Amino acid sequence: MMLCIKNGTVIDGISDVPYKADILIDKGKIIHIGENMGNAADEVIDATDKWVLPGLVDSHCHLREPGFEYKEDIGSGTRSAAAGGFTSVACMANTNPVVDNAAMVNYIKSIARAKGVVKVYPVAAVTKGLEGQELTEMGELKEAGAVALSDDGRPIMNSQLMRLALQYAKGMGMLIISHCEDLSLVGDGVMNDGYMSTVLGLKGITRAAEEVMVARDIILAEVLDAPIHIAHVSTRGSVELIRQAKRRGVKVTCETAPHYFCATDEWVDGYNTNAKVNPPLRTSDDVEAVKQGLKDGTIDIIATDHAPHHRDDKEVEYSLAANGISGFETAFSLAYTHLVETGILSIQELVQKMSKRPAEILNIDAGTIQVGKPADVIVVDLHRTYTVDVSKFYSKGKNSPFNGCTLKGKVIHTIVDGKVVMKNEKVII
């Protein structure tokens, strides 16, 4: 059945400027981009006054299954992703059991085929059991379909082990996504170390805990001439370390998440556990540095670090609450509101950060609108203003500090492999 997205303004991830066009889709592929093609289609989506973009690609999320289905499962998580405009998501390995062998990679893929609404790409563990002691069988993980390797949620504290991991991963053409955190510097801290932690009487986490490990991993990657991807960059120091490394030609890429350019540690005031995340929310100075890093290209991509939790994990004392924000359904709007509307990025640059570039880094066939490519497309209303209501999230996790915030830019339709999975803001699968 042919589908036509008609009368929209297209940003294809390839051209420098937007253009008006119809997009004709058949058998999961884009077959034509041009004018007046609605008559050839069995179904038409009218995108008049709306923008047609490549489906968003998330390089970093937590779908929780297996083991933590009470927080999220692949079905609910991918519905949430579709609602946010994500057509491809890479899920981290910190499940129970850990995704540290080929059988677990295949399990994730099989559940995703059965219950998933969008495309799911497993990220496997670097070390067995995420214990930081013994490397996984990287070749087997790659053969099974893992798109990258990460112990996200836990840092690899042993520098020699990290060196070996980068060396072996390089030889196998695998990317390591590094969770940069020195646990000896974190101690029992629960939020950013600074004025707010003092006011609230909460133990702080020094920014050095992140920056020391960013520096270590950059040095190791430089020595080995190996690629490294730094997850959830949150501090001015980390941005500058990565900027300097890129100038030297180090093969480093990195990501940040919307909460690191939209919120500060002041949001913890009142002991708001929905603002508890790892790494922690930083200062307004760090927020500005992250924005500048996005603007000048130091920060390659915007990921969600979607980390849903059950209310029982959050409705406790701040020091006991779980880290994480449910991020799929607000990511695009937060980025559009805080980056495009403020002139930091153009809409074309935002598409690069949220579609094309993450697909390139993960080496998956996504992130652009081109004839012959998979029909992963979203339709957005950039004029639409709305108020975030977590009770309406498709995710099981309602843990968002952005509840009640007014945002601009709303995903209206999501199409995955030519199949409409969200129509008129309602996930229909």
Side-chain angles (χ1 to χ4, degrees), residues 1-13 20-58 61 63 74-89 112-121 304 328-333 336 351 354-356 359 364-384 386 392-395 409-429:
M1 186 175 79
M2 285 194 186
L3 169 68
C4 181
I5 304 171
K6 189 173 179 62
N7 299 325
T9 300
V10 178
I11 297 178
D12 59 18
K20 293 278 189 178
D22 297 351
I23 298 174
L24 194 61
I25 295 166
D26 188 33
K27 297 177 182 177
K29 301 285 187 181
I30 297 169
I31 63 170
H32 194 68
I33 302 173
E35 297 180 353
N36 303 317
M37 292 184 294
N39 293 334
D42 302 291
E43 181 180 359
V44 175
I45 291 177
D46 186 1
T48 301
D49 297 325
K50 296 179 178 64
W51 293 66
V52 182
L53 313 178
L56 307 181
V57 177
D58 189 9
C61 72
L63 297 180
I74 289 173
S76 65
T78 55
R79 286 192 293 273
S80 177
F86 291 92
T87 56
S88 298
V89 299
R113 284 192 297 268
K115 301 195 304 180
V117 175
V118 306
K119 298 172 183 177
V120 175
Y121 295 91
T304 69
F328 279 146
E329 296 175 57
T330 54
F332 177 81
S333 300
Y336 184 77
V351 167
M354 297 190 76
S355 296
K356 186 172 186 287
I364 63 174
D365 193 12
T368 61
I369 295 175
Q370 298 181 76
V371 172
K373 291 291 186 179
D376 298 339
V377 183
I378 59 173
V379 179
V380 301
D381 185 346
L382 297 183
H383 302 292
R384 170 77 182 281
Y386 73 102
K392 296 180 180 178
F393 277 8
Y394 286 89
S395 173
K410 192 76 167 67
V411 180
I412 307 299
H413 308 289
T414 302
I415 298 100
V416 180
D417 277 339
K419 186 174 185 178
V420 180
V421 299
M422 183 172 75
K423 188 172 186 179
N424 295 322
E425 301 180 47
K426 293 185 178 179
V427 177
I428 58 177
I429 294 180

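All figures in this text were calculated on a predicted structure; none of them were measured in a lab.
With Tyr394 contributing its side chain and Val427 its backbone, the two residues share a donor-acceptor pair below 3.5 Å. Using a distance-only test at 3.5 Å, with no hydrogens or angles considered, a donor-acceptor pair links the side chain of Asp42 to the main chain of Met2. A donor-acceptor pair is defined here as one N or O able to donate and one able to accept, closer than 3.5 Å; no such pair exists between the side chain of His383 and the backbone of Gly409.
The side-chain heavy atoms of Ile30 and Gln370, taken from C-beta on, include no pair separated by under 4.5 Å. For the pair Ser355/Leu53, no side-chain contact is recorded, criterion being any heavy-atom separation below 4.5 Å from C-beta on. Within the 4.5 Å cutoff, the side chain of Ile33 has no heavy atoms near those of the Val10 side chain. Inter-residue side-chain proximity for Met422 and Val411 is flagged as met; some heavy-atom pair is nearer than 4.5 Å. Between Ile25 and Ile5, some side-chain heavy-atom pair lies under the 4.5 Å cut-off. Two residues are said to be in side-chain contact when any heavy atoms from C-beta on lie closer than 4.5 Å; Cys61 and Phe86 fail this criterion. Between Lys119 and Asp417 the shortest side-chain heavy-atom distance falls below 4.5 Å. Ile415 places a side-chain heavy atom less than 4.5 Å from the side chain of Ile45.
Once rounded to the nearest 0.5 Å, the distance linking CD1 of Ile428 with NZ of Lys426 reads 11.0 Å. Residue Cys4 holds its SG atom at 9.5 Å from CD1 of Ile31, rounded to the nearest 0.5 Å. Considering CZ of Phe328 and OG1 of Thr78, their distance stands at 8.5 Å, rounded to 0.5 Å.
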- Message: If you apply the rule side chain to side chain contact (heavy atoms under 4.5 Å, CB included), what do you find for Asp12 with Thr368, and how did you get there?
- Response: CA-CA 5 Å; Asp12 59 18; Thr368 61; 5.9 Å; no
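The shortest heavy-atom contact between Asp376 and Ser88 is OD2-OG, 4.3 Å. A pairwise comparison of heavy atoms in Ile378 and Pro54 identifies CG1-O, 3.8 Å as the closest pair. Across all their heavy atoms, Gly84 and Phe332 have their closest contact at O-CB, 4.2 Å. Residues Pro374 and Asp365 approach most closely at CD-OD2, 3.5 Å, considering heavy atoms. In terms of heavy-atom proximity, Thr304 sits nearest to Ala331 at CG2-CB, 3.8 Å. The shortest heavy-atom contact between Glu35 and Asp22 is C-OD2, 3.9 Å.
Between Glu425 and Lys392, no side-chain nitrogen of the basic residue sits less than 4.0 Å from a carboxylate oxygen of the acidic one, so the salt-bridge criterion is not met. Salt-bridge annotation for Lys6 and Asp46: absent, with no side-chain N of the basic residue lying under 4.0 Å from a carboxylate O of the acidic one.
Atom NZ of Lys410 has more than 12 heavy atoms from other residues, nucleotides or ligands within 6.0 Å. The environment of Lys419 atom NZ is sparse: at most 12 non-hydrogen atoms of other residues, nucleotides or ligands sit within 6.0 angstrom.
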